[in-house]
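Below: one structure, written as structure tokens.
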Amino acid sequence: MLDPQLLRTDLEHVAGRLAMRGYHLDIENYAALEARRKELQTKTEELQAERNTRSKSIGQAKARGEDIEPLLAEVGRLGDDLKAAKEELEKVREHLDHLALDMPNLPAGQVPEGHDESDNEEVRRWGEPTALAFEPRDHVEIGEMLEGIDFEVAAKLSGSRFAVMAGDVARLHRALAQFMLDMHIREHGYREMYVPYLVLDSAMQGTGQLPKFAEDAFATSDDPTRYLIPTAEVPLTNLVADEIVDADRMPLKFVAHTPCFRREAGAYGKDTRGMIRQHQFDKVELVQIATADTAEDCHEALTGHAEAILQALELPYRVMLLCAGDMGFSARKTYDLEVWLPGQQAYREISSCSNFGDFQARRMKARWRNPDTGKPELVHTINGSGLAVGRTLIAVLENYQQRDGSVIVPEPLRDYMGGRERIPLPGD
RNA sequence: GGAGAGGUGGCAGAGCGGUUGAAUGCACCGGUCUUGAAAACCGGCAAGGGCUAGCGCCCUUCGAGGGUUCGAAUCCCUCCCUCUCCGCCA
């Protein structure tokens with residue numbers, strides 16, 4: 001949510017920045033509603049103040065043993081007027097709230113203009129695209145040869161966009177998640193968290209998935225409705241919802257390994273082959289809760305933590321600064337990490353690291369107490385994948401594939417694979 | 001699932017329907033004292049919103065939502081959550 005103060009004082013500027021990311025804000029409509037709100041609020045508060053003073057004087061008169069009948073008569077229909085004013089104010093408020101929840105975050109100053117991923121800026125590159133001395137197979141072929149990934153049997157169970165993994169590939173998938181978690185805990189100072197995979201709509205609203213993107217999430221049919229988390233960002237970030245965090249604990253750094261569930265409602269026909277885009281996938285998620293003046297640094301650091309995994313696995317990647325049009329709803333600045341996939345001969349997103357400023361914090365009422373002022377201030381939230389486990393598995397399979405279809409196990413994963421150095425073909 | 005207890009400020013914990021936005025303690029901030037620290041003492045200290053150039057004034061908030069009343073933290077209803085005991089269970 002944007003600062004309502006900013007919307008009141010600098011509406012045109014806000015509208016301009018929102019236009020950068022393709023959001024049209026109807027200035028006149030908003031200004032009119034806001035004026036109406038102000039008028040009604042003033043009126044309501046005046047009526048309330050009058051009621052309060054009169055009621056108080058009734059109490060005092062009664063305490064002195066005076067006759068309160070005439071006073072009661074005076075109050076008359078004050079209550080009815082007040083009730084009517086309140087109801088009208090509530091309607092306008094709801095309308096404004098709805099608009100506010102619908103508005104995406106403002107892009108940060110450094111964010112390039114643009115509409116889609118073609119306008120993203122490459123910030124840096126690590127490693128060279130893997131050169132294979134043979135025609136590279138993609139992970140679907142490799143998975144088949146290893147009898148390690150089965151999309152058909154998954155479709156039987158669950159329909160499209162699911163996978164069943166088996167044997168060494170399943171183990172490699174687990175190894176990756178373990179390795180990532182351990183590295184973030186041991187080397188990057190994150191606190192490991194185990195969190196619910198089903199959350200209430202308040203949590204989804206806190207991080208910005210609701211109310212606007214309900215069609216992207218799986219929901220339960222019980223009451224209250226719960227949502228399958230589309231990312232651990234939701235439970236991890238909402239840990240501080242309605243909290244006032246102690247200054248000396250900042251920044252909070254959380255890491256969790258969870259499954260993620262996405263409807264992929266708008267992705268018909270996109271990435272239908274293989275495991276790139278699934279309804280269910282595992283991810284190791286990093287979240288930091290920071291103060292306003294450290295958030296930028298924390299964002300850079302967190303991005304580095306995600307990069308460190310790719311570097312340790314020696315997977316070539318590049319870092320992209322997303323343009324305004326390609327950023328997620330709640331983000332003010334986002335770096336995507338894109339890993340090289342030999343099977344596609346392309347860089348593909350494997351992590352997205354964003355700074356949300358106070359956008360999510362305002363929705364969540366997440367604050368910290370600034371010792372300088374003694375006052376609570378909104379926290380800034382940052383998160384990123386560190387990394388998407390399924391896509392990392394794909395990257396390992398494709399970048400470490402051998403001519404015969406076997407796959408070398410990257411060195412840091414071998415301890416997690418019982419010392420194995422290679423995933424052999426079945427029967428080999 | 002059955003029975004009971006409870007949800008109040010950063011935390012703990014009081015609170016007859018009417019100067020209670022809320023006692024008290026802790027924590028925190030400032031001051032006195034001290035070579036320094038601690039202790040002691042004095043003072044301050046909720047959040048959100050509106051109006052104002054500012055001093056400041058006003059409104060709202062005691063789990064959530066309704067209701068009774070001139071007036072609700074206090075009474076009534078519904079819901080949520082927590083705790084204890086029993087049952088069941090990974």
Side-chain angles (χ1 to χ4, degrees), chain A residues 1-9 11 30-97 99-101 194-206 220 222-227 235 238-250 252 289 291 358-379:
Chain A
M1 215 156 62
L2 300 177
D3 183 0
Q5 206 69 44
L6 190 66
L7 283 163
R8 272 176 219 137
T9 55
L11 191 55
Y30 189 89
L33 270 170
E34 176 55 31
R36 182 84 182 119
R37 188 224 95 230
K38 194 167 180 172
E39 181 193 332
L40 282 168
Q41 181 166 338
T42 309
K43 182 180 168 191
T44 305
E45 289 185 0
E46 275 170 8
L47 286 168
Q48 276 171 332
E50 189 176 344
R51 182 206 59 191
N52 289 349
T53 52
R54 290 193 184 226
S55 291
K56 194 176 270 186
S57 64
I58 290 175
Q60 289 167 340
K62 202 175 173 188
R64 288 193 298 266
E66 298 170 7
D67 179 18
I68 58 172
E69 278 307 318
L71 289 172
L72 285 180
E74 254 181 74
V75 178
R77 24 188 296 255
L78 196 60
D80 294 337
D81 291 350
L82 180 58
K83 197 172 178 184
K86 260 186 180 168
E87 278 169 10
E88 212 176 338
L89 176 62
E90 193 47 40
K91 256 190 260 170
V92 175
R93 276 240 170 90
E94 268 171 31
H95 202 150
L96 279 167
D97 286 350
L99 284 177
L101 286 173
Y194 174 85
V195 292
Y197 303 157
L198 288 165
V199 296
L200 298 171
D201 64 349
S202 53
M204 292 285 276
Q205 181 167 305
T220 65
D222 60 338
D223 183 28
T225 300
R226 284 174 239 269
Y227 295 85
N238 277 283
L239 288 171
V240 296
D242 293 312
E243 300 285 338
I244 299 179
V245 182
D246 287 338
D248 54 13
R249 295 181 60 210
M250 306 270 283
L252 293 171
I289 308 297
T291 63
D358 59 15
F359 186 86
Q360 295 180 324
R362 189 170 289 108
R363 290 172 162 245
M364 293 189 299
K365 294 187 185 58
R367 296 165 297 173
W368 68 292
R369 196 173 292 280
N370 186 339
D372 294 336
T373 60
K375 296 287 176 194
E377 296 176 10
L378 291 170
V379 300

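Note on naming: letters A, B, ... go to the chains in the order of the sequence lines (proteins, then strands), and numbering restarts at 1 for each one. Model, not experiment: these values are computed from the prediction.
Taking atom CG of residue A:Leu40 and atom C1' of nucleotide B:rC59, one finds them 14 Å apart after rounding to whole Å. Remark: C1' of B:rG63 and NZ of A:Lys365 are 14 Å apart, rounded to the nearest angstrom. Atom CG of A:Asp246 and atom C1' of B:rC28 are 11 Å apart (whole Å). Separating the CG atom of A:Asn370 from the C1' atom of B:rA47 is a distance of 16 Å, rounded to the nearest angstrom. We find that CD of A:Glu39 is positioned 20 Å from P of B:rC59, with the value rounded to whole Å. Following rounding to the nearest Å, A:Glu377 (CD) and B:rG48 (P) show an atom-to-atom distance of 10 Å. Nucleotide B:rC59 holds its P atom 8 Å from the CD atom of A:Gln48, rounded to whole Å.
Take A:Arg226 and apply the side-chain contact (heavy atoms from CB on, under 4.5 Å) test, not counting sequence neighbours, and it matches A:Leu198, A:Leu200, A:Thr220, A:Asp222, A:Pro224. Not counting sequence neighbours, the partners of A:Glu34 by the side-chain contact (heavy atoms from CB on, under 4.5 Å) test are A:Arg8, A:Tyr30, A:Arg37, A:Leu96. Judged as a side chain to side chain donor-acceptor pair (under 3.5 Å), and not counting sequence neighbours, the contacts of A:Asp358 are A:Arg362. For A:Pro371, the side-chain contact (heavy atoms from CB on, under 4.5 Å) partners are A:Ala247, A:Trp368, not counting sequence neighbours. Partners of A:Asp81 according to the salt bridge (Lys or Arg N to Asp or Glu O under 4.0 Å) rule, which considers only residues two or more places apart in sequence or in another chain, are A:Arg77. Annotation: side-chain contact (heavy atoms from CB on, under 4.5 Å) contacts of A:Arg36 (sequence neighbours excluded): A:Glu39, A:Leu40, A:Glu88, A:Val92. Residues satisfying the salt bridge (Lys or Arg N to Asp or Glu O under 4.0 Å) test with A:Arg54, not counting sequence neighbours, are A:Glu50, A:Glu74. Looking at residues two or more places apart in sequence or on another chain, you find no side chain to side chain donor-acceptor pair (under 3.5 Å) involving A:Thr44. Not counting sequence neighbours, the partners of A:Asn370 by the side chain to side chain donor-acceptor pair (under 3.5 Å) test are A:Glu377.
If A:Ala49 and A:Glu34 are placed on RNA chain B by their nearest nucleotide, the residue sitting closer to the 5' end is A:Glu34.
Proximity of A:Arg367 to the phosphate of B:rG48: a side-chain N or O atom is located under 4.0 Å from OP1 or OP2. For the OP1/OP2 pair of B:rU60 and a distance below 4.0 Å, the side-chain nitrogens and oxygens of A:Arg93 include no atom meeting the criterion.
RNA chain B is contacted by no residue of residues 199-206 of chain A, taking any non-hydrogen atom closer than 4.0 Å. A heavy-atom distance below 4.0 Å to RNA chain B is reached by these residues of residues 52-61 of chain A, ordered by number: A:Asn52, A:Ser55, A:Ile58, A:Gly59.
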Each nucleotide N or O in nucleotides 51-56 of chain B that has a protein N or O under 3.5 Å away: list the pair and distance.
residue, atom, partner, partner atom, Å
B:rC51, OP1, A:Lys38, NZ, 2.7

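Relative to the side chain of A:Glu45, the nucleotides B:rG71, B:rG18, B:rC58 differ in distance, and B:rC58 lies closest.
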